[in-house]
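Shown next, in structure tokens, is the structure this report addresses.
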Amino acid sequence: MTQWFTDNPVKTILLAGIFIFLLHLNVLPVTIMEARNFITAREMVNEGNWLLTTMNGLPRYEKPPLPTWFTAFAGKSIGISNLYALRLPTALMAIFTALIVFKFSLKLTKDRQQSLINGLILVTSFYIIAITNEAPWDIYAHGFMLTAIYFYFSLFQMQTNIWRNVFMAAFFTGLSFMSKGPVSLYALFLPFLIAYGFAFGYTGFKSKRFPLSVCLLVAIIVSIWWYWYVRMADPDSFLKIAQKETGNWSSYNVRPFYYYWSFFTQSGVWTIPSFFALLYPFVRKKIIHPKAYLFTFLWTLLSVILLSVIPEKKTRYLSPVLIPMAMNTGFYILYFIREFKKMKSWKEKIPIYLHFGLISLIGIAFPLVGYFFLKELPVQPWVWFATTSVSLWIISGTMLYYLKKNSLYKVFLLNIAFIMSITTFGLPIAKSLKTNTAYNNIAILSQEKSIGIPLYAFGEIAPEMLWHYGNVIPEIEDDAIASTLEELDIFGVLVNSKEEERFKRIFGKEFTISLKDTFDLNYGASPEDKKHKKRLVSLYYQVEKNNIQYD
């Protein structure tokens with residue numbers, strides 16, 4: 001049975017990707033990053049802002065538009081408010097990236113089983129799953145760049161299909177740049193170039209100087225055309241946003257150099273083997289593909305080092321590191337799969353027993369721990385909980401059985417099934433985590449439009465709030481908007497809760513203001529909880545001129 005997976009690696013990765021990414025795309029609440037991207041996609045469809053991109057009617061040039069185009073096309077086809085549709089392109093991109101890891105590993109090692117393992121490790125890595133569920137554009141930038149790297153590697157290694165590799169490498173480099181600017185160029189491609197030089201050496205490149213020059217030219221054209229267009233069409237906004245973004249690199253979310261050095265934990269379930277796989281002096285003599293292992297080892301560490309140099313740091317910025325690290329971990333896993341039965345020293349087996357034993361223990365303990373947690377919730381998802389518990393018990397028990405039998409490939413595949421089970425049966429439990437007693441979705445406020453009361457925003461309104469409202473909410477402090485208020489007898493104002501006092505000072509003298517509703521999008525934290533976020537609370541006021549006469 002296990003041979004089928006090795007013989008059908010693409011089908012295996014697709015199967016894992018479907019169960020991990022595609023079954024419950026509409027379960028989790030919209031995050032701040034998603035809201036920004038989805039609003040921009042919605043305004044592409046509704047307002048026609050395909051090139052001069054906007055969020056809430058204002059210029060949004062911080063990110064290039066390629067992933068937003070994919071999202072907008074999906075939304076236009078299925079429904080611009082349909083979460084499944086909007087999240088689908090990102091999920092497909094994650095699966096595509098895992099397939100490219102397989103293809104690249106196959107070109108690197110000529111080993112089908114090794115390549116399958118590498119792809120499966122990536123598709124089950126925690127932060128790959130996490131950033132895909134949050135639908136930021138990181139996975140597009142790194143997935144496209146990895147595809148470009150695949151063709152660069154082919155160009156460096158081969159003397160055939162040179163021009164195919166040139167144009168494909170340039171094209172996908174441009175797509176990566178059009179997804180998130182130079183981020184992946186710096187975090188994934190540059191460490192790849194350095195690691196390649198150390199592992200394989202740059203020899204025989206004289207004959208490829210012209211093709212590489214053409215590659216660079218095409219990549220630049222595909223990468224910058226949108227930036228050039230926006231710079232010409234809206235120079236003031238473009239320069240203002242560019243200045244703010246470059247300033248953030250050194251002044252926003254500044255963290256110490258060592259902030260990323262627990263990077264291997266972002267692989268989640270693969271934390272233990274990922275850590276041991278990085279112990280190069282102890283591992284290099286055991287690995288079946290030593291030169292490829294040196295390459296991925298250097299690629300991983302160089303990526304972390306380059307990211308650590310940048311003062312601005314966020315956990316999700318580590319996502320490109322997970323790509324070479326998945327391959328690096330895969331080499332370590334394959335060594336044990338092929339040598340585990342022959343090992344006579346129990347000490348050498350400790351990392352494997354520790355890793356798979358811990359996974360099995362988590363699966364066995366899940367029903368008990370989960371019960372005590374879920375019984376306190378107002379709505380208990382017992383059906384999903386029971387299904388998750390049974391599946392994890394079966395998988396964990398079987399893992400321990402095959403671990404005792406030293407059948408490590410089966411244990412590895414069961415580890416993949418473990419993650420698939422959690423995302424298939426466990427993810428819907430998240431719907432029961434809406435425990436905020438004051439939760440009130442602003443979507444009901446869109447009905448005000450039908451009775452002719454215009455709505456404006458005072459203070460910075462959370463992107464999630466804007467997304468759920470479903471339309472543009474003009475900012476009342478904009479000079480052009482402020483002048484139109486004089487013509488209105490009554491209008492609504494959505495007020496940032498932190499700005500309430502300032503709002504009252506400004507409007508309380510000349511207008512009659514009355515609080516009509518409070519909208520709270522905190523999902524799992526009530527107002528009295530420490531985790532309750534004020535930014536997700538907005539106050540809805542109706543404002544009337546004092547001189548209005550009523551019969």
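No hydrogens, no waters, no symmetry mates; every other heavy atom, side chains included, goes into these values. Please read these numbers as outputs of a predicted model, since none were measured by experiment.
- A salt bridge is defined here as a Lys NZ or Arg NE, NH1 or NH2 lying under 4.0 Å from an Asp or Glu carboxylate O, and Lys504 with Glu500 meets this definition.
- When all heavy atoms of Thr300 and Asn328 are compared, the pair lying nearest together is OG1-CB, 4.3 Å.
- Across all non-hydrogen atoms, the minimal contact from Ile20 to Val123 is CD1-O, 3.7 Å.
- With Phe385 as the fixed residue, the ring pair (Phe, Tyr, Trp, His ring centres under 6.0 Å) test singles out one of Phe372, Phe366, Phe425: Phe366.
- Val472 and Gly57 make their closest contact through CG2-N, 4.0 Å (heavy atoms, listed as atom of the first residue, atom of the second, distance).
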For a quick test of your reading: what N or O donor-acceptor pairs under 3.5 Å do the side chains of residues 178-190 make, sequence neighbours left out?
{"from": "Ser179", "atom 1": "OG", "to": "Leu175", "atom 2": "O", "distance (Å)": "2.8"}
{"from": "Lys180", "atom 1": "NZ", "to": "Asp138", "atom 2": "OD1", "distance (Å)": "3.2"}
{"from": "Lys180", "atom 1": "NZ", "to": "Asp138", "atom 2": "OD2", "distance (Å)": "2.9"}
{"from": "Ser184", "atom 1": "OG", "to": "Ala141", "atom 2": "O", "distance (Å)": "3.4"}
{"from": "Ser184", "atom 1": "OG", "to": "His142", "atom 2": "ND1", "distance (Å)": "3.0"}
{"from": "Tyr186", "atom 1": "OH", "to": "Leu306", "atom 2": "O", "distance (Å)": "2.6"}

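- In terms of heavy-atom proximity, Ile323 sits nearest to Thr97 at CD1-CG2, 4.3 Å.
- Taking the charged nitrogens against the carboxylate oxygens, Lys498 and Glu460 have no contact shorter than 4.0 Å, which rules out a salt bridge.
- Side-chain atoms of Tyr127 do not come within 3.5 Å of backbone N or O of Thr265 as any donor-acceptor pair.
- Residues passing the ring-ring contact (aromatic ring centres under 6.0 Å, His included) test with His468: none are found, sequence neighbours excluded.
- Under the rule for a salt bridge (charged side-chain N to carboxylate O under 4.0 Å, His left out), Arg36 has no partner lying at least two apart in sequence or in another chain.
- In this structure the side chain of Leu494 reaches within 4.5 angstrom of the side chain of Ile442, judged on heavy atoms.
- Shown here for Gly524 and Asp529, the closest heavy-atom pair between the two residues is O-OD2, 4.5 Å.
- Between the Thr424 side chain and the Ser421 main chain, no donor and acceptor come within less than 3.5 Å of each other.
- No more than 12 heavy-atom neighbours from other residues, nucleotides or ligands sit within 6.0 angstrom of CZ on Phe19.
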*Begin with the C-alpha distance, continue with both residues' side-chain angles, and end with the deciding distance and a verdict on side-chain contact (heavy atoms from CB on, under 4.5 Å) for Phe263 and Leu301.*
CA-CA 10 Å; Phe263 64 93; Leu301 286 190; 4.1 Å; yes
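- Under a cut-off of 6.0 angstrom, the local environment of OH in Tyr371 is sparse, with at most 12 non-hydrogen atoms contributed by other residues, nucleotides or ligands.
- For the pair Glu43 (side chain) and Asn56 (backbone), a donor-acceptor distance under 3.5 Å is present.
- Remark: the backbone N or O of Val27 is not paired with any side-chain donor or acceptor of Lys431 at under 3.5 angstrom.
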*After noting the C-alpha distance and the side-chain angles of Thr90 and Tyr140, does the key distance pass the side-chain hydrogen bond (donor to acceptor under 3.5 Å, both in side chains) rule?*
CA-CA 7 Å; Thr90 308; Tyr140 291 92; 3.3 Å; yes
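- Within the model, atoms CD1 of Ile95 and CD1 of Ile18 stand 6.5 Å from one another, a figure rounded to the nearest 0.5 Å.
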_Ile128 vs Phe21, test: side-chain contact (heavy atoms from CB on, under 4.5 Å). Steps then yes/no._
CA-CA 10 Å; Ile128 294 296; Phe21 294 110; 4.3 Å; yes
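- When ring centroids are compared, Tyr227 and Phe177 come within the 6.0 Å threshold.
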_Chi angles and distances behind the side-chain hydrogen bond (donor to acceptor under 3.5 Å, both in side chains) call for Thr54, Asn49_ = CA-CA 7 Å; Thr54 59; Asn49 300 333; 2.9 Å; yes
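- Checking Thr71, Val30, Asn82, Thr132 one by one against Arg87, the side-chain contact (heavy atoms from CB on, under 4.5 Å) holds for a single residue, Val30.
- Nearest heavy atom pair, residue Phe171 against residue Val222, reads O-CG1, 4.1 Å.
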